[in-house]
Amino acid sequence: MTLPASFYARSAVEVAVDLLGKVLVRKVGKAVCSGKIVETEAYAGPHDLACHASKGRTPRTSVMFGRPGFAYVYMIYGVYYCLNAVTEPKGFPAAVLIRAIEPLDGVDRMKRNRSRARRDIDIASGPGKLCQAMSVDLALNAASLGGRSLWIEDRNLGPSSIAAGPRIGVDYAGEYRDKPWRFFIAHNPHVSRHKFNSRGTIIGGRTSSGS
DNA sequence: GTCGTGATAGCCT
DNA sequence: GGCTATCACGACG
């Protein structure tokens, strides 16, 4: 049910693709919120100039250098949080940014956490929105993705086709700027509403029985 | 619908 | 001191 650590002990690009369709679950007290992962980005390692770890190991990025299957949470623009899954074996810093989910359980609660969200597709269609909806903050940095308050389940949620495109907001990353390492479920309305959405190309599909 | 901009704080040079 | 893996809002039309 819950994805094992071995699932994450692979390249960030592989994990980013395979996380699409999986279910992110967050438990606060007795309340459970969940959603199908519909958009991810891979940050491939120290050579990837868009990856935070490319600037070396710092207190902030140290989680990425640790074991796979743990959460790397950081604050962005002084306002929002972003949730990542650490990938690759221990010692190789890489991660997958979880950018958007399609809400499944606890929709009312997530909507309350996102008072500005008028429609369901505004609840978690972006990395900052997702963390607001699911009450993810720095307290979850370095937490296991197979833990009691946060985990990712392998569920069969039907067939989908997968698209890839350039990552968002990494214009500074030189030759890595245009790497097509943003992945999303094609035509899913819960993908972040971004002008780059049109720049995706279908790279494959997945059946309901898994990858 | 699209476009431009301000908020805001921790990180790194 | 400059930058940032974002979001919401107001000004358009």
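First the proteins, then the strands, lettered A, B, ... as listed; each starts at 1. From a predicted model like this one, the values you see are computed outputs, not experimental measurements.
Residues from residues 127-140 of chain A placing a heavy atom under 4.0 Å of any atom in DNA chain C, listed by number, are A:Pro127, A:Gly128, A:Lys129. Near DNA chain C, defined here as any heavy-atom distance below 4.0 Å, the residues from residues 74-81 of chain A are A:Tyr74, A:Ile76, A:Tyr77, A:Tyr80, listed numerically. Near DNA chain C, meaning a heavy atom under 4.0 Å away, the residues from residues 46-56 of chain A are A:Ala50, A:His52.
A donor-acceptor pair under 3.5 Å is absent between the side-chain atoms of A:Ser34 and the main chain of A:Leu104, judged by distance alone. Checking side-chain atoms of A:Arg26 against main-chain N and O of A:Gly35 turns up no donor-acceptor pair under 3.5 Å. No donor-acceptor pair closer than 3.5 Å links the side chain of A:Ser115 to the backbone N or O of A:Arg112.
Residues passing the side-chain contact (heavy atoms from CB on, under 4.5 Å) test with A:Asp137 are A:Tyr81, A:Ala139, sequence neighbours excluded. Contacts of A:Cys82 classified as side-chain contact (heavy atoms from CB on, under 4.5 Å), with partners at least two apart in sequence or in another chain: A:Tyr74, A:Ile76, A:Asn84, A:Leu97, A:Pro127.
Listed by first and then second residue, the side chain to side chain donor-acceptor pair (under 3.5 Å) pairs involving residues 1-13 of chain A are A:Arg10-A:Asp18, A:Ser11-A:Glu14 (not counting sequence neighbours). Within the structure, salt bridge (Lys or Arg N to Asp or Glu O under 4.0 Å) pairs that include any residue of residues 90-104 of chain A comprise A:Glu39-A:Arg99, A:Glu41-A:Arg99 (at least two apart or interchain). Counting only residues at least two apart or in different chains, salt bridge (Lys or Arg N to Asp or Glu O under 4.0 Å) contacts with residues 44-68 of chain A comprise A:Asp48-A:Arg167. Residue pairs meeting the salt bridge (Lys or Arg N to Asp or Glu O under 4.0 Å) criterion with at least one member in residues 122-134 of chain A, sequence neighbours excluded: A:Arg119-A:Asp122.
Separating the CD atom of A:Glu41 from the C1' atom of C:dT4 is a distance of 14 Å, rounded to the nearest angstrom.
At a threshold of 4.5 Å between side-chain heavy atoms, the hydrophobic network of Ile, Leu, Val, Met, Phe, Trp and Tyr places A:Ile98 and A:Ile121 in two separate groups. Cluster annotation: A:Phe7 and A:Val96 are assigned to the same hydrophobic cluster (Ile/Leu/Val/Met/Phe/Trp/Tyr, side-chain heavy-atom contacts under 4.5 Å, transitive).
When the side-chain nitrogen and oxygen atoms of A:Arg182 are compared with OP1 and OP2 of C:dA5, none of them lie within a distance under 4.0 Å. A:Arg99 has a side-chain polar atom (N or O) that falls below the 4.0 Å cut-off from OP1 or OP2 of C:dT6.
Taking the six-membered ring where the residue is Trp, A:Tyr176 and A:His47 present perpendicular rings, their angle passing 60° and hence far from 30°.
Looking at DNA chain C, the stems built from 3 or more consecutive Watson-Crick or G-U wobble pairs, each pair with its key distances under 3.5 Å, are B:1-7 with C:6-12, B:9-12 with C:1-4.
At a threshold of 4.0 angstrom between heavy atoms, the contacts of A:Leu97 include nucleobase atoms, whether or not backbone atoms are also involved.
Residues A:Ser160 and A:Leu20 form no side-chain contact, since every pair of their non-hydrogen atoms from C-beta on lies 4.5 Å or further apart.
None of A:Ile203, A:Ile202, A:Asn188, A:Ile185 except one satisfies the side-chain contact (heavy atoms from CB on, under 4.5 Å) rule with A:Ser161; the exception is A:Ile202.
Scanning DNA chain B 5' to 3' for nucleotides with an atom closer than 4.0 angstrom to a non-hydrogen atom of chain A gives a first and last hit of B:dT8 to B:dC12.
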Each nucleotide N or O in nucleotides 9-12 of chain C that has a protein N or O under 3.5 Å away: list the pair and distance.
| unit_1 | atom_1 | unit_2 | atom_2 | d |
| --- | --- | --- | --- | --- |
| C:dC9 | OP1 | A:Arg116 | NE | 2.9 |

